[in-house]
Amino acid sequence: MDKTYQPHAIENKHYERWEREGRFKPQGGTDPFCIVIPPPNVTGTLHMGHAFQDTIMDTLIRFHRMRGNNTLWQHGTDHAGIATQMVVERQLNAAGTSRRELGREAFVDKVWEWKAQSGGRINDQLRRMGASVDWSRERFTMDEGLSAAVREVFVRLYEEGLIYRGKRLVNWDPVLHTALSDLEVLSEDESGHLWHFRYPVEGTDQHLVVATTRPETMLGDTAVAVHPDDARYAALVGKQVRLPIVDRLIPIVADDYVDPEFGTGCVKITPAHDFNDYEIGQRHDLPMINVLTPDAKITDDMPKAFAGLDRFDARKAIVAQFDTLGLLDKTEPHSLKVPRGDRSGAVVEPYLTDQWYVRIEPLAKPAIEAVESGRIRFVPENWSKTYFDWMYNIQDWCISRQLWWGHRIPAWYDEAGSVYVGRDEQAVRDTHGLGPEVTLHQDEDVLDTWFSSALWPFSTLGWPDATPELKVFYPTSVLVTGFDIIFFWVARMIMFGLKFAGDVPFREVYIHGLIRDQDGQKMSKSKGNVLDPLDLIDGIDLQSLVDKRTTGLMQPHLAPRIEKATRRQFPEGIAEFGTDALRFTFASLATTGRDIRFDLGRIEGYRNFCNKLWNASRFVLSTTEQYDATAHCEHDESVAGRWIRARTHQMITTVARQLGRYRLDLASQAIYEFAWHEFCDWYLELSKATLYDDDASDATKRATQRTLVETLETLLRVLHPFMPFISEEIWQRVGPRAGLSGASICDISWPEDGNPDPQAEADMTWLQALVLGVRQIRGEMDIAPGKALPMLLQHASDSDRTRLTRYQRLLMRMANLESIEVLDAAADLPPCATALHGELKIGVPMAGLIDVDKEIERLTKQLKKSQADLAKTQGKLTNASFVERAPAQVVETEKARAQEHQQTIDQIQSQLSVLTELN
RNA sequence: GGGCGAUUAGCUCAGGGGUAGAGCGCCACGUUGACAUCGUGGAGGUCGGUGGUUCGAAACCACCAUCGCCCACCA
């Protein structure tokens with residue numbers, strides 16, 4: 001083995017072999033465990049969020065596989081309608097052509113090409129992460145099977161009246177030319193203006209002043225509304241105003257929606273371009289006048305001065321016109337929510353179009369009930385509140401998109417415009433008796449990407465066929481995902497799963513946080529703060545990192561700033577940390593629900609941890625070369641052996657328990673603590689006392705070797721779900737030495753729990769206390785570690801004496817002692833530096849070693865601490881109500897504590913007086 | 001406007017009614033035969049603020065402050 005851990009030397013070969021040997025397939029058995037992967041965009045690349053999520057899932061999957069569950073990690077990718085279409089369109093534009101020039105069929109071919117070309121990338125990156133998905137079952141949302149499931153669901157919903165088509169106001173993206181669901185619209189505060197326009201009241205010389213943020217829509221106004229109780233305008237309700245510019249008479253209506261306090265208390269009503277106005281229009285039976293083209297330009301039906309103008313130019317022109325007419329009352333600055341498409345960033349228009357909708361309420365009801373009843377559990381629990389809030393107020397889902405890439409809506413129209421929904425054209429013809437003479441054309445629209453995603457847990461398992469996989473693995477065990485897609489995806493899977501697969505899609509939903517940069521900022525290309533998981537694994541030099549972050553920016557002028565920040569933060573570039581260190585970092589940061597600041601210090605620490613494991617293994621392997629697991633070997637009954645076994649079992653139990661509650665941070669912490677601070681710091685050192693002892697019997701040595709090998713082998717198993725590569729690499733060597741056959745650690749099951757060993761643990765605590773006492777003196781007195789010291793003990797109890805006889809050799813080695821001498825209580829201790837363990841006094845003679853002043857200083861510090869502790873304790877004990885009301889046991893503990901502190905103080909004081917006399 | 005979360009050591013974060021924890025960083029000493037990606041020792045916090053509940057609060061409750069996120073139609 002190399003002297004230093006080299007991740008690149010070990011990682012890839014193991015993955016290749018695991019995959020080749022089919023180790024990620026369900027292994028059978030009665031107890032299924034299944035996770036469906038949140039399907040990444042098929043043409044996307046792995047980012048930190050994926051890497052984090054995949055680490056969590058892979059850890060859970062590997063853990064359950066080792067525990068003997070029939071384990072499936074269902075993999076697949078998503079066609080990501082808008083996102084993918086946009087990427088390909090951009091490529092076409094760069095090549096000087098366009099989607100429209102190509103035409104639908106050729107364009108879709110292009111997208112398939114792009115998918116073929118780039119679709120493997122995300123999978124290769126998953127492999128680098130060590131993700132043990134079942135590659136043989138990989139699916140794609142546009143596969144024939146999944147597409148059939150989509151059509152099936154659509155048709156069934158339609159037949160039940162849960163899908164309908166209608167002309168309504170939708171969120172229209174004038175850049176992408178498609179409808180969007182409410183979820184795809186993000187509203188942000190932006191500063192704008194509130195314009196006050198005067199509308200002349202017909203038949204009077206009065207004006208009504210309306211306030212608006214959207215002057216250009218006045219062309220489509222069909223009413224002015226006031227509050228019914230607003231005394232100012234009560235007399236005018238029922239009259240009409242003459243709409244300026246277009247010279248149209250529109251009514252003044254009264255509606256509760258109007259807030260009399262806001263603006264002037266008069267609202268212009270444009271039912272075709274505002275969601276609220278739409279509803280008011282419905283209530284008052286107002287006409288709807290569309291004034292915008294799909295590009296959000298003013299239509300040709302409008303007055304010539306404005307026709308063809310972009311909406312923002314039209315806005316200026318309208319305001320100017322009002323000004324000219326003397327009808328602009330005033331202009332105020334105003335901050336408002338501007339709705340923008342989440343993909344295009346374009347300001348979205350409420351726009352009147354024909355779209356397909358899912359009637360969602362009947363689906364939502366059982367989905368709410370499923371979470372309320374606990375059939376689905378959110379982890380952490382508080383996310384269920386977010387879920388409920390949304391579900392209780394859920395709106396019908398607009399599922400049609402005016403895109404070309406996606407599942408085409410299975411609806412056909414005849415020449416008269418009648419619509420027929422069916423699984424395919426032939427089915428439609430058969431069902432409705434439409435002969436070949438009837439021309440049918442299929443709906444041009446495709447479905448929202450999330451429609452197919454909503455079927456993912458059952459469509460990937462073969463639905464609508466009653467496949468064995470569906471029977472075994474549905475409902476799946478847990479969904480691991482981010483809070484940002486609870487509405488987009490989680491809620492819809494629950495609704496559709498209950499409706500079509502007959503049960504909840506998963507039992508638990510584990511919601512993890514977002515990976516942010518070291519300053520808590522969201523990682524984004526435009527901020528130039530993105531970390532690529534693969535760069536953390538393989539390392540990257542500074543120049544390449546800078547190049548990566550500054551090329552292809554939407555706002556190239558930010559490049560210098562990004563470069564500067566990058567050079568400052570990574571002056572040496574990024575070192576190679578390896579997949580295992582990255583995974584362990586993610587695991588250790590995976591506290592429930594909280595966002596994560598990714599800290600390079602952490603990953604470096606866990607890389608070092610890998611190195612520690614590596615070298616501990618080198619030690620174990622080199623000291624057990626003669627060990628033969630197949631030969632008869634005594635069980636190791638030494639205190640060190642018993643202790644490390646008990647600690648091992650404790651650790652196994654903790655890790656399993658914490659994984660069971662998705663606390664990967666606590667699980668990984670337990671492993672780290674055990675491996676480094678118990679196994680390496682103590683056990684390996686203790687084992688040397690036996691292994692390097694010429695007087696130790698071969699049997700004793702063999703027993704120690706056995707413990708070394710078995711403990712390490714067990715540790716590797718527990719480590720494997722977190723660090724699959726290094727655990728496999730080392731296991732290849734250690735497994736056989738432990739007498740285990742099997743080609744891979746993947747063949748080995750999760751280790752059994754064991755029993756605690758209070759006696760061995762108590763003895764070890766004693767031993768450690770004595771060692772630490774001497775080390776502390778050594779450390780604070782600056783005595784070289786190599787210098788062997790004499791040790792004096794006083795006030796030794798019988799049990800101290802027994803332990804001393806038993807563990808003398810260990811003690812001498814661990815504390816590097818040259819001698820141990822037990823003095824009578826009455827004996828005079830020579831000038832010493834001292835430490836205490838209960839009543840037992842540990843002394844290191846000062847002659848030539850220890851500075852009296854320094855020791856006085858050291859003891860004084862300890863004295864102060866003990867005195868402070870005593871004061872605190874006594875404060876409690878002198879408080880009558882504490883003694884009276886606190887549980888007896890607590891009072892007893894406190895009393896004992898006071899006594900101990902007093903004892904310590906007495907001893908230190910007497911020692912101090914001895915030392916002071918010396919001076 | 002509603003909701004959720006955060007505030008603990010210099011940094012990143014655990015914890016949780018009974019004497020404050022980890023990793024990293026820092027200081028000192030050290031190349032002892034697994035490991036300097038290391039070892040040993042040490043320093044460092046009145047747990048955001050104010051009240052309340054309690055024998056006891058960093059933890060529970062209320063309010064406040066700061067930061068973050070989500071939802072919502074105020075023109």
Side-chain angles (χ1 to χ4, degrees), chain A residues 1 3-5 187 194-195 210-214 225 257-259 261-270 274-279 334 336-337 350 380 382-383 385-386 389-390 393 483-484 486-487 513-514 516 518 520 575 577 581 588-589 591 593-602 604-623 663 665-666 669 672-673 677 680-681 684-685 688 692 772 775-788 816 868-869 872-873 875-876 879-887 889-891 893-894 897 901:
Chain A
M1 283 173 85
K3 193 175 166 185
T4 315
Y5 158 69
S187 290
L194 194 58
W195 287 276
V210 300
T212 182
T213 55
R214 306 268 338 249
Y257 162 75
V258 180
D259 176 2
E261 307 290 317
F262 186 87
T264 59
C266 297
V267 188
K268 63 187 269 307
I269 304 299
T270 324
D274 182 283
F275 289 103
N276 293 309
D277 293 7
Y278 179 84
E279 293 195 357
H334 183 69
L336 70 163
K337 294 276 186 198
N382 57 302
W383 286 110
K385 193 171 166 46
T386 305
D389 284 350
W390 191 68
N393 300 304
F483 56 84
D484 49 331
I486 290 179
F487 307 146
L514 197 71
R516 298 173 173 278
Q518 66 290 337
F577 295 118
S588 73
L589 294 171
T591 69
R594 229 174 116 137
D595 283 358
I596 288 157
R597 291 191 192 206
F598 194 84
D599 177 14
L600 272 189
R602 285 295 275 257
E604 189 180 344
Y606 293 124
R607 192 269 321 263
N608 295 353
F609 178 54
C610 290
N611 188 56
K612 189 76 179 174
L613 291 164
W614 186 259
N615 279 290
S617 305
R618 287 205 312 137
F619 171 77
V620 171
L621 287 165
S622 72
T623 52
R663 290 306 303 266
D665 59 327
L666 299 179
Q669 196 185 343
Y672 184 97
E673 168 69 23
H677 297 304
C680 290
D681 284 353
L684 292 192
E685 295 308 321
K688 290 174 186 173
Y692 295 161
L772 292 172
R775 280 185 188 168
Q776 193 171 34
I777 292 170
R778 193 191 286 278
E780 294 193 27
M781 294 299 136
D782 290 344
I783 301 168
K787 168 82 184 164
N816 192 15
D869 287 345
K872 210 167 177 179
T873 303
K876 284 189 182 181
N879 180 343
S881 47
F882 170 76
V883 179
E884 219 170 280
R885 302 203 194 183
Q889 203 193 331
V890 173
V891 178
T893 312
E894 215 59 36
R897 201 174 276 159
H901 286 142

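None of the values given here were measured: they were computed from a predicted structure. For the numbers below, each heavy atom of this structure counts, side chains included, while hydrogens, waters and symmetry mates do not. A, B, ... follow the sequence lines: proteins, then strands. Residue 1 opens every chain.
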Query raised in the report: For B:rA36, which nucleotide in any strand shown is its Watson-Crick or wobble partner with both distances under 3.5 Å?
Result: none
Report task. Measure from CZ on A:Arg516 to P on B:rG5 and round the result to the nearest Å. Result -> 16 Å
Report task. Report yes or no: is there a donor-acceptor pair, N or O only, under 3.5 Å between the side chain of A:Lys385 and the base of B:rC4? Result -> no
Query - Side-chain (A:Asn393) to main-chain (A:Asp389) donor-acceptor, under 3.5 angstrom - result: yes
Query raised in the report: Is the shortest side-chain N/O distance from A:Thr4 to OP1 or OP2 of B:rU37 below 4.0 Å?
Result: no
Query - Touch class at under 4.0 angstrom, heavy-atom based, for A:Leu621 against every strand present - result: nothing
Query raised in the report: How is A:Gln776 classified with respect to the nucleic acid when contacts are heavy atoms under 4.0 Å: base, sugar-phosphate, or nothing?
Result: sugar-phosphate
Query raised in the report: Side-chain donor or acceptor of A:Arg607 under 3.5 Å from a matching atom on the base of B:rU37?
Result: yes
Query raised in the report: Could you state the CD1-P distance from A:Ile486 to B:rC4, rounded to the nearest angstrom?
Result: 14 Å
Query raised in the report: Under 4.0 angstrom, heavy atoms only, what part of the nucleic acid is A:Phe275 near: base, sugar-phosphate, or nothing?
Result: nothing
Query raised in the report: Which listed nucleotide (B:rG39, B:rC71, B:rA34) is nearest to the side chain of A:Asn615?
Result: B:rA34
Query raised in the report: Looking at side-chain heavy atoms only, is the closest gap between A:Asn816 and A:Arg778 below 4.5 Å?
Result: yes
Report task. For the pair A:Phe483 and A:Trp383, name the ring-plane relationship: parallel under 30°, tilted 30 to 60°, perpendicular over 60°. Result -> parallel
Requested in this report: Could you tell me whether the side chain of A:Arg618 reaches within less than 4.5 Å of the side chain of A:Leu621, counting heavy atoms only?
Outcome: no
**Report entry** Test item: A:Trp614 and A:Thr4 side chains (from C-beta on) under 4.5 Å apart, heavy atoms
**Finding:** no
Can you name the atoms? Protein N/O to nucleotides 54-56 of chain B N/O, anything below 3.5 Å, with the distance.
unit_1 : atom_1 : unit_2   : atom_2 : d
B:rC55 : OP1    : A:Arg885 : NE     : 3.4
B:rC55 : OP1    : A:Arg885 : NH1    : 2.1
B:rC55 : OP2    : A:Arg885 : NH1    : 3.3
B:rC55 : O4'    : A:Ser881 : O      : 3.2
B:rC55 : O2'    : A:Asn879 : ND2    : 3.3

**Report entry** A:Lys612 NZ/CZ over A:Tyr672 ring centroid, <6.0 Å and within 45° of normal
**Finding:** no
**Report entry** Pair of N/O donor and acceptor under 3.5 Å linking B:rA34 base with A:Glu685 side chain
**Finding:** yes
Query raised in the report: Can you check the A:Asp274 CG to B:rC74 C1' distance for me, whole Å?
Result: 10 Å
Report summary line: The Watson-Crick or G-U wobble partner of B:rG41, with both key distances under 3.5 Å, is B:rC27
Query raised in the report: Checking all strands, does A:Gly875 fall into the base, sugar-phosphate, or nothing category for heavy-atom contacts under 4.0 angstrom?
Result: nothing
Query raised in the report: B:rU54 pairs with which nucleotide, Watson-Crick or G-U wobble, both distances below 3.5 Å?
Result: none
Query raised in the report: When all nucleic acid strands are considered with a 4.0 Å heavy-atom cut-off, which category describes A:Thr386: base, sugar-phosphate, or nothing?
Result: nothing
Polar atom pairs (N or O), protein with nucleotides 22-30 of chain B, under 3.5 Å:
unit_1 : atom_1 : unit_2   : atom_2 : d
B:rG23 : OP1    : A:His677 : NE2    : 3.3

Query raised in the report: If pairing requires Watson-Crick or G-U wobble contacts with both distances under 3.5 Å, which nucleotide is the partner of B:rC69?
Result: B:rG3
Query - Reference residue A:Leu589; test side-chain contact (heavy atoms from CB on, under 4.5 Å); the match among A:Asp595, A:Ile596, A:Asp665 - result: A:Ile596
Report task. Could you work out the separation of B:rU53 and B:rA58 based on their C1' atoms and round it to a whole Å? Result -> 16 Å
Requested in this report: Please determine if a side-chain N or O atom of A:Lys337 lies less than 4.0 Å away from the OP1 or OP2 oxygen of B:rC73.
Outcome: no
Report summary line: In Watson-Crick or G-U wobble terms, with both distances under 3.5 Å, the base opposite B:rC13 is B:rG21
Report task. Return no unless some side-chain N or O of A:His334 is found under 4.0 Å from OP1 or OP2 of B:rA75. Result -> yes
Query - B:rA75 - base-pair partner by Watson-Crick or wobble geometry, distances under 3.5 Å - result: none
